[in-house]
Amino acid sequence: MSDDRRDLPDLRASDADRERVAERLRDAVAEGRLDMEEFEERLEAAFSARTYAELEPLTRDLPAAPAGGPGAGPPAAGAAAGAGAGSWPVRIGGSGTSSAAVAVMAGFRRAGRWTVPARFDAVAFWGGGKIDLREARFAEREVVINCFAVMGGIEVVVPPGVELDVRGFGLMGAFDQKDFPGPAEPGAPRVVVTGFAFWGGVEVKVKAPKGAKSAKAPKSAKAPKSAKTPTDPELPPAGPSLRKEL
């Protein structure tokens, strides 16, 4: 974070500022400078920060990002666009950034440039979580996201072009696929979303990567119903919009 921003601690931070800090933290855990517990704590604090004063301490003890490096500015256009037949091969391979996320009367978020492991477990109990794969890498050609929502909600966002398989089950709750990702692109990963929702909900959405809004996935026939909820929260709180009326 530049010195001029440190001189304005009360200035509101933008989504791009939070994402730059998150990327610095991801680099640090990959280099062994942070363990997974520290990384999880700082990442949560980064995405909940409102001002530069709250963001600055999160990277104070880490080396400065090189000019033009991932922490120095917004993600590159190619990384942000993400989806596309030519980019898929370079996004498959590596080690998962984290293997699980748990929200108990709280929230979690996995978004931006992170690596999805072969299996990722997500649990929300009286809480909410968001798993965004639009800019993610994939450890394997096929990844499984296992979601358990009990009186809570989990939202899974995938980019167009992936092969999507939703297998979950809802009991007095919902396990829904909102959109169709279109034909699978050559070399695209296969994403399997499975699990269980009890008095809560798991919702799978298809959204174009940031910076590529023109490449929106085709809307399903149910899309007009979105008018009932004019504003979708970026991170679902205690399973609200995903919970069915009983």
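None of these values were measured; they are calculated from a predicted model.
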Pair W114-F138, ring pair (Phe, Tyr, Trp, His ring centres under 6.0 Å): steps then yes or no: CA-CA 8 Å; W114 65 295; F138 301 84; 8.5 Å; no
Step-by-step side-chain contact (heavy atoms from CB on, under 4.5 Å) determination, F198 to M172: CA-CA 6 Å; F198 176 71; M172 293 188 290; 3.2 Å; yes
Run the side-chain contact (heavy atoms from CB on, under 4.5 Å) check on L11 and T51 step by step: do they pass? CA-CA 6 Å; L11 191 65; T51 65; over 6 Å; no
Would Y52 and D17 satisfy side-chain contact (heavy atoms from CB on, under 4.5 Å), going step by step from the backbone distance to the final call? CA-CA 8 Å; Y52 289 124; D17 295 319; 2.9 Å; yes
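A188 and G161 get closest at one heavy-atom pair: CB-O, 3.3 Å. The two atoms that bring A139 and A118 nearest to each other are CB-N, 4.2 Å, heavy atoms only. Scanning all heavy atoms of the two residues, the minimum distance from F175 to G170 falls at CB-N, 4.1 Å. The shortest non-hydrogen separation linking A103 to G128 is CB-O, 3.8 Å. Residues G153 and A124 come closest through the heavy atom pair O-CB, 3.9 Å. When all heavy atoms are compared, the tightest approach of L55 to A13 is CD1-CB, 3.6 Å.
More than 12 non-hydrogen atoms from other residues, nucleotides or ligands lie less than 6.0 angstrom from CD of E38. Annotation: R141, atom CZ; neighbour count of heavy atoms from other residues, nucleotides and ligands within 6.0 Å is above 12.
The shortest distance between side-chain heavy atoms of W199 and V150 does not fall below 4.5 Å. Two residues are said to be in side-chain contact when any heavy atoms from C-beta on lie closer than 4.5 Å; I145 and T194 fail this criterion. Within the 4.5 Å cutoff, the side chain of V104 has no heavy atoms near those of the W126 side chain. In this structure, the side chains of P117 and S98 stay at 4.5 Å or more apart for every pair of heavy atoms. Using a 4.5 Å heavy-atom cutoff, the side chains of V162 and W88 are in contact. For the pair V156/C147, a side-chain contact is recorded, criterion being any heavy-atom separation below 4.5 Å from C-beta on. The shortest side-chain heavy-atom distance between V202 and D176 does not fall under the 4.5 Å cut-off.
Relative to the ring axis of F47, R18 does not place its NZ or CZ within 45° and under 6.0 Å from the centre.
To the nearest 0.5 Å, the span separating CD on E163 from CD on E142 amounts to 8.0 Å. Here CG of L164 is found 4.5 Å from CD of Q177. Values are rounded to the nearest 0.5 Å. With values rounded to the nearest 0.5 angstrom, R24 atom CZ is found 10.5 Å from L58 atom CG. Taking CG from L25 and CD from E40, the interatomic distance works out to 11.0 Å, rounded to the nearest 0.5 Å. Annotation: the span from F120 atom CZ to I131 atom CD1 amounts to 5.0 Å, rounded to 0.5 Å.
A distance-only check finds a donor-acceptor pair linking the side chain of T97 to the backbone of T115 [under 3.5 Å]. No donor-acceptor distance shorter than 3.5 angstrom exists from the side chain of T59 to the backbone of L62, with no hydrogens or angles considered. No donor-acceptor pair under 3.5 Å is formed between the side chain of R137 and the backbone N or O of S95. A donor-acceptor contact shorter than 3.5 Å links the side chain of R134 to the backbone of A208. The backbone N or O of R50 lies less than 3.5 Å from a partner atom in the side chain of E54, making a donor-acceptor pair.
Cluster partners of V157 are absent, since no Ile, Leu, Val, Met, Phe, Trp or Tyr has side-chain heavy atoms less than 4.5 Å from it.
Side-chain N/O atoms of R119 and S99 include no donor and acceptor closer than 3.5 Å.
Linking Ile, Leu, Val, Met, Phe, Trp and Tyr whenever their side-chain heavy atoms come within less than 4.5 Å leaves V192 and F169 in two separate clusters. V144 and F196 fall into different hydrophobic clusters, where Ile, Leu, Val, Met, Phe, Trp and Tyr residues are linked whenever their side-chain heavy atoms come under 4.5 Å apart, directly or through other members.
A salt bridge links D165 and R190; the closest N-O separation between the charged side-chain nitrogens and carboxylate oxygens is under 4.0 Å. For E44 and R42, the salt-bridge test fails: no basic side-chain N is under 4.0 Å from an acidic carboxylate O. Electrostatic pairing of K130 and E155 counts as a salt bridge here, judged by a charged N lying under 4.0 Å from a carboxylate O.
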